[in-house]
2 protein chains.
Amino acid sequence: MTLSEEDYIKIIYHLGKGDQGTVSTNAIAEKMETKPSSVSDMIKKLSEKGLVNYKKYQGVTLSEYGLKVALSIVRKHRLWEVFLVEKLEFSWDEVHEVAEQLEHIKSEKLIDMLDKHLGFPQIDPHGDPIPSKSGEFKKSIKRLLNEVPIGKEGICVGVKDSSPPFLKFLDKNKIALGDSIFVVDKEEFDGSLHIKIRDVDIRISDQIASNLYLRIIE
Amino acid sequence: MTLSEEDYIKIIYHLGKGDQGTVSTNAIAEKMETKPSSVSDMIKKLSEKGLVNYKKYQGVTLSEYGLKVALSIVRKHRLWEVFLVEKLEFSWDEVHEVAEQLEHIKSEKLIDMLDKHLGFPQIDPHGDPIPSKSGEFKKSIKRLLNEVPIGKEGICVGVKDSSPPFLKFLDKNKIALGDSIFVVDKEEFDGSLHIKIRDVDIRISDQIASNLYLRIIE
DNA sequence: ACAAATTTTTAGATTTGCCTAAATTTTATT
DNA sequence: AATAAAATTTAGGCAAATCTAAAAATTTGT
Ligand SMILES: [Mn+2]
Ligand SMILES: [Mn+2]
Ligand SMILES: [Mn+2]
Ligand SMILES: [Mn+2]
């Protein structure tokens, strides 16, 4: 498969949102930053290769084979993202462009050994799950920190309240996007949380916890 | 620059053998596993881009700019080779194909941080020197182990005597291609050597040392 | 229901990198 | 020096991936 075919397959996968509903030509064109006419051409080719199911004017879905290919590319993309952050000190918002290139390197051994080198990670720096070699993975969901069950871990992916005082508070307490947060315990009385972040235990109020989004697995 | 252009530039560099003598169309075609007519096309394009000096029928040499580009690709190739061997447990002879792909990834930060992650290595797994970011590097030479000065280190790259008894000896003493060997001392009396290999000190006779090739720097 | 708007596909070009076959230039041999 | 051989370039084409403009199908709105 060519680099371009791989990018199309991956985009069709993401637009299919897991449930693999049909994806429109225009939607693909926008994500690929190309014209709908180019997408039509490519879809025809992918269809001939058995990667997508396609009926003219009716949109596309990934075939079983196409889904397998998509998951292997997603796996590579996310493993490389972990590598960049964990081993090369990239920050979570710098990795995408480079992973977009690295995901196309062809070598089964490379990706197996990279997985091992990284300690078989389950999630990438954005909290998204990494498919296994055989294509299995758990879904991830975005939850407010105060709704995350005790004992769960997640990646901080956003804020609900983006006011300067709140952001300043996060800064002061060294809580940043991309940080991994583990919910140790919850105080029934006032809803305050005991969390572990970067191996440090801290307590935060319900007010804080209800304004921070975490991406968690399952 | 495209992937193909980069491969041409690198091949022209290697065929120029450091001194950057002129390189023939046929030689490039053979290395690129393509036809001479395709090479002519590409040379014309590289010439227009100022990467090579070219007069019809007279072969090509790299321009100053072309040399800089070549060295940056060689740098990337060799750093990735070190990564594959040191971090991902690839062996000596498995790295080339993958490095051939990885060398084309575009990200200055990536290669700077990779260099750091690897501890700023000076040579690749084949004993070849790794150019610095600014393009400087030491030449490497192939020497019989018994001609390597005391205090020098090199990579085992070949044997002079390839008879089964000799190869069996190397095997038994766990000396393999790709191993790094440090010459600790030399016995004047019989020419025997005291070497360090994989952190183990051993003694070998002059007869052994005069049949093993090392690639050393400077 | 049917015209208008939108989406999608087709037609015809362009660019990159490659090919074969033929022409040209250089190099080697008598 | 003339001819044969080898190397190199040109000419003309092809496949992949893209584009613009135009045609066709679908969806939307009244
Ligand atoms: Mn990509
Ligand atoms: Mn990610
Ligand atoms: Mn390459
Ligand atoms: Mn090498």
Side-chain angles (χ1 to χ4, degrees), chain A residues 1-17 20-63 66 69-70 73 100-101 103-106, chain B residues 1-17 21-62 66 69-70 73 100-101 103-106:
Chain A
M1 289 193 64
T2 69
L3 187 147
S4 195
E5 287 171 349
E6 290 188 348
D7 278 341
Y8 272 96
I9 290 295
K10 201 182 56 166
I11 280 173
I12 292 169
Y13 169 76
H14 284 308
L15 289 172
K17 302 232 188 207
Q20 297 314 301
T22 80
V23 177
S24 80
T25 303
N26 268 359
I28 299 170
E30 195 172 322
K31 286 276 181 194
M32 281 292 295
E33 296 182 71
T34 184
K35 303 290 166 180
S37 55
S38 307
V39 175
S40 282
D41 282 351
M42 180 57 90
I43 285 173
K44 221 173 293 170
K45 189 165 52 146
L46 295 176
S47 174
E48 278 158 19
K49 290 195 176 188
L51 288 153
V52 299
N53 310 117
Y54 171 55
K55 260 187 259 151
K56 271 189 197 173
Y57 294 99
Q58 307 302 306
V60 285
T61 57
L62 287 180
S63 70
V69 169
I73 301 166
E100 199 59 46
Q101 300 176 59
E103 70 191 357
H104 303 290
I105 303 292
K106 269 138 196 91
Chain B
M1 288 194 64
T2 68
L3 187 149
S4 195
E5 286 172 349
E6 289 187 350
D7 278 341
Y8 271 95
I9 290 296
K10 200 182 59 167
I11 279 172
I12 293 168
Y13 169 77
H14 284 309
L15 289 171
K17 303 229 193 215
T22 80
V23 176
S24 80
T25 302
N26 268 358
I28 298 169
E30 196 171 322
K31 287 275 180 193
M32 281 293 293
E33 298 183 69
T34 184
K35 302 291 167 181
S37 54
S38 306
V39 175
S40 281
D41 282 350
M42 181 57 90
I43 285 172
K44 220 173 293 170
K45 188 166 53 146
L46 295 176
S47 174
E48 276 157 21
K49 288 196 178 188
L51 288 154
V52 299
N53 311 115
Y54 171 56
K55 259 185 261 154
K56 269 186 197 174
Y57 294 101
Q58 307 302 306
V60 286
T61 57
L62 288 179
V69 170
I73 302 166
E100 199 60 45
Q101 299 176 61
E103 70 191 356
H104 303 290
I105 303 292
K106 271 141 195 87

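Here is how names work: the chains are called A, B, and so on, in the same order as the sequence lines, proteins then strands, and each is numbered from 1. Here the structure is a predicted model, which means the values were calculated and not measured.
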Any side-chain N or O of B:Y8 less than 4.0 Å from the OP1 or OP2 oxygen of C:dT16? no
OG1 of A:T25 to CD1 of A:I43: how many Å apart, nearest 0.5 Å?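 These two atoms lie 4.0 Å from each other.
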My understanding is that only residues two or more places apart in sequence, or in another chain, count here; which of them pass side chain to side chain contact (heavy atoms under 4.5 Å, CB included) with B:T2? B:S4, B:E5
Under the rule for side chain to side chain contact (heavy atoms under 4.5 Å, CB included), what residues qualify as partners of B:E103, not counting sequence neighbours? B:D7, B:K10, B:I73, B:K76, B:H77, B:E100
Side-chain contact test, heavy atoms from C-beta onward, threshold under 4.5 Å: evaluate it for B:T61 versus B:V52 and give yes or no.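 No, side chains not in contact.
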In whole Å, I'd like the distance from the [atom1] atom of [X] to the [atom2] atom of [N].
X	N	atom1	atom2	result
A:E30	C:dT6	CD	P	15 Å
A:M1	D:dA16	CE	C1'	14 Å
B:K35	C:dA21	NZ	P	10 Å

Is the number of heavy atoms from other residues, nucleotides or ligands within 6.0 Å of NZ (B:K49) greater than 12?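 Atom NZ in B:K49 is crowded, with more than 12 foreign heavy atoms closer than 6.0 Å.
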Which parts of nucleotides 6-13 of chain D does protein reach within less than 4.0 Å, heavy atoms only, written one letter per nucleotide 5' to 3' as B for base, S for sugar-phosphate only and - for none? -SBBB---
Set out, in order, the CA-CA distance, both residues' side-chain angles and the distance that settles side-chain contact (heavy atoms from CB on, under 4.5 Å) for A:I28 and A:L15, then state yes or no. CA-CA 8 Å; A:I28 299 170; A:L15 289 172; 4.0 Å; yes
